[in-house]
Engineer: 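Take a look at this one; I'll ask things after.
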Amino acid sequence: TDNLYHLYIDTTSNPNNIWQVGMVQKSIFSSAYSAPNVIVTDTLNAYASNDTSIFTLTNIVSGLGFIWPHTIVFSGQYFVNSDSLTDFGIIELSPDNGDTWIDLINDTIYNDLIDWGLNKPTLTGNSNGWVSFYAFFPELGPIFNIQIGDTISYRFTFICDSVQTF
């Protein structure tokens, strides 16, 4: 709750956005990694079909990680339980306050500059519980001229098809 001002769930331009922050109460997905709250497509119900929902996290560059490239670490935990391999998630990075977006998982231009550590997140199918991930990408700082005080954004998108199997 101390950092929720860095979280933006857009329900103005996307009134059907299903991302929520709260205590999860589902049968398969019943606990948060860091209790009590989680960011989830719906705290109680199955996610809707034919949906694209987005939340964004922002961070103001305050250290030398992007400027003196060696310390940028992007990490978290995810839990996926989707009804088909055509329901999936995307994680993107904006080095310039939303003007440019880089698909961190599927990018082909900067992928050699993104080190996923143990493994890239698999944001489709079933993760069978919480999975941790981390990535390093300090070389993007010089490419995009990232400076102290710049806003870096991370956009998380969930896209699902028309088949509702849950």
Side-chain angles (χ1 to χ4, degrees), residues 1-24 29 31-43 47 51-82 88-124 127 129-159:
T1 56
D2 292 341
N3 294 307
L4 284 180
Y5 63 92
H6 290 285
L7 171 66
Y8 179 65
I9 299 174
D10 180 10
T11 56
T12 303
S13 63
N14 182 5
N16 297 321
N17 199 336
I18 59 175
W19 287 108
Q20 299 174 354
V21 176
M23 294 174 52
V24 68
F29 176 26
S31 64
Y33 184 84
S34 56
N37 291 331
V38 65
I39 302 171
V40 62
T41 50
D42 191 301
T43 58
Y47 58 85
D51 182 64
T52 297
S53 289
I54 298 168
F55 74 88
T56 306
L57 297 174
T58 60
N59 186 37
I60 306 300
V61 176
S62 60
L64 295 175
F66 277 114
I67 298 163
W68 185 29
H70 72 290
T71 57
I72 295 302
V73 179
F74 171 66
S75 64
Q77 293 78 30
Y78 68 94
F79 188 127
V80 176
N81 190 343
S82 61
F88 62 97
I90 301 169
I91 302 174
E92 297 168 289
L93 164 80
S94 174
D96 53 14
N97 202 22
D99 290 335
T100 305
W101 289 98
I102 300 164
D103 181 339
L104 290 174
I105 298 172
N106 301 303
D107 180 76
T108 57
I109 298 171
Y110 304 106
N111 63 335
D112 289 340
L113 304 177
I114 302 168
D115 177 3
W116 278 104
L118 297 175
N119 53 27
K120 286 184 187 181
T122 303
L123 302 177
T124 190
S127 64
W130 287 101
V131 178
S132 295
F133 70 89
Y134 63 91
F136 304 96
F137 38 81
E139 289 91 356
L140 294 179
I143 289 172
F144 291 101
N145 193 29
I146 297 171
Q147 301 297 315
I148 292 175
D150 288 351
T151 299
I152 307 298
S153 299
Y154 301 90
R155 182 166 64 187
F156 299 79
T157 304
F158 180 68
I159 301 167

Engineer: Run the side-chain contact (heavy atoms from CB on, under 4.5 Å) check on F144 and I102 step by step: do they pass?
Structural biologist: CA-CA 12 Å; F144 291 101; I102 300 164; 3.6 Å; yes

Engineer: Sub-3.5 Å donor-acceptor pair from the side chain of S53 to the main-chain atoms of I18, do we have one?
Structural biologist: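 Yes.
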
Engineer: For the atom pair CG (D107) and CG (L93), what is the distance rounded to the nearest 0.5 Å?
Structural biologist: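 Those atoms lie 10.0 Å apart.
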
Engineer: Just so I know, are the side chains of L7 and F55 near enough to count as touching, which here means a heavy-atom distance under 4.5 Å?
Structural biologist: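 They are in contact (side-chain heavy atoms under 4.5 Å apart), so the answer is yes.
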
Engineer: T56 and R155: which non-hydrogen atoms are nearest, and at how many Å?
Structural biologist: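 Here T56 and R155 meet closest at OG1-CG, 4.1 Å.
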
Engineer: Taking atom CD1 of I90 and atom CZ of F88, what is their separation to the nearest 0.5 Å?
Structural biologist: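 So the CD1 of I90 and the CZ of F88 are separated by 4.5 Å.
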
Engineer: Find out whether D150 and F66 are in side-chain contact, i.e. whether some heavy atom of one side chain is under 4.5 Å from a heavy atom of the other.
Structural biologist: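 Side-chain contact under 4.5 Å: no.
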
Engineer: Provide the full list of side-chain hydrogen bond (donor to acceptor under 3.5 Å, both in side chains) pairs with a residue in residues 112-124, sequence neighbours left out, each pair given once.
Structural biologist: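 Counting only pairs at least two positions apart or across chains, no side-chain hydrogen bond (donor to acceptor under 3.5 Å, both in side chains) contact touches residues 112-124.
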
Engineer: What is the minimum heavy-atom distance between T58 and S153, and which atoms define it?
Structural biologist: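 So the two residues come closest at CG2-OG, 3.5 Å.
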
Engineer: Is there side-chain contact between V38 and W130, with at least one heavy-atom pair below 4.5 Å?
Structural biologist: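 A side-chain contact under 4.5 Å exists here.
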
Engineer: So which atom in G65 and which in P138 form the shortest heavy-atom distance, rounded to 0.1 Å?
Structural biologist: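 For G65 and P138, the tightest heavy-atom pair comes out as O-CB, 3.8 Å.
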
Engineer: With a 6.0 Å cut-off on the ring centroids, do F156 and Y78 count as close?
Structural biologist: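 Centroid separation for F156 and Y78: 6.0 Å or greater.
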
Engineer: Quick one: CD on E92 to CD1 on I105, what's the gap to the nearest 0.5 Å?
Structural biologist: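 Going from CD on E92 over to CD1 on I105, the span is 9.5 Å.
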
Engineer: Compute the ring centroids of Y134 and F136, then answer whether they are less than 6.0 Å apart.
Structural biologist: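 For Y134 and F136, the ring centres are under 6.0 Å apart.
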
Engineer: Would you give the length of the straight line joining atom CD1 of I152 to atom CD1 of I60, rounded to the nearest 0.5 angstrom?
Structural biologist: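 Nearest 0.5 Å value for the CD1-CD1 distance: 8.5 Å.
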
Engineer: Hey, does the side chain of Q20 reach the backbone of T43 with a donor-acceptor pair shorter than 3.5 angstrom?
Structural biologist: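 Answer holds: yes.
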
Engineer: Just how far is it from atom CG of L64 to atom CD1 of I72, taken to the nearest 0.5 Å?
Structural biologist: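 Here the interatomic distance stands at 9.5 Å.
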
Engineer: Any luck finding a side-chain donor-acceptor pair between T108 and N106 under 3.5 Å?
Structural biologist: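 Per modelled atom types, T108 and N106 side chains form no pair under 3.5 Å.
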
Engineer: Using modelled atom types and a 3.5 Å cut-off, is there a donor and acceptor pairing between side-chain atoms of N97 and backbone atoms of T151?
Structural biologist: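 Such a contact is absent between N97 side chain and T151 backbone.
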
Engineer: How about W19 and F158: do any of their side-chain heavy atoms sit closer than 4.5 Å?
Structural biologist: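 Of all side-chain heavy-atom pairs linking F158 with W19, at least one is under 4.5 Å.
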
Engineer: If we only count heavy atoms from C-beta on, is the L123 to I91 side-chain gap below 4.5 Å?
Structural biologist: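 A side-chain contact exists here, since the closest heavy-atom pair is under 4.5 Å.
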
Engineer: Hey, mind stepping through F74 and F133 against ring-ring contact (aromatic ring centres under 6.0 Å, His included) and telling me if it holds?
Structural biologist: CA-CA 8 Å; F74 171 66; F133 70 89; 5.5 Å; yes

Engineer: Do T52 and N16 come close enough that some side-chain heavy atom pair is under 4.5 Å?
Structural biologist: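 In short, these two side chains do not touch, never coming nearer than 4.5 Å.
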
Engineer: Rounded to the nearest 0.5 Å, how far does CG of L104 lie from CG of L140?
Structural biologist: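 Result: 8.0 Å between the selected atoms.
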
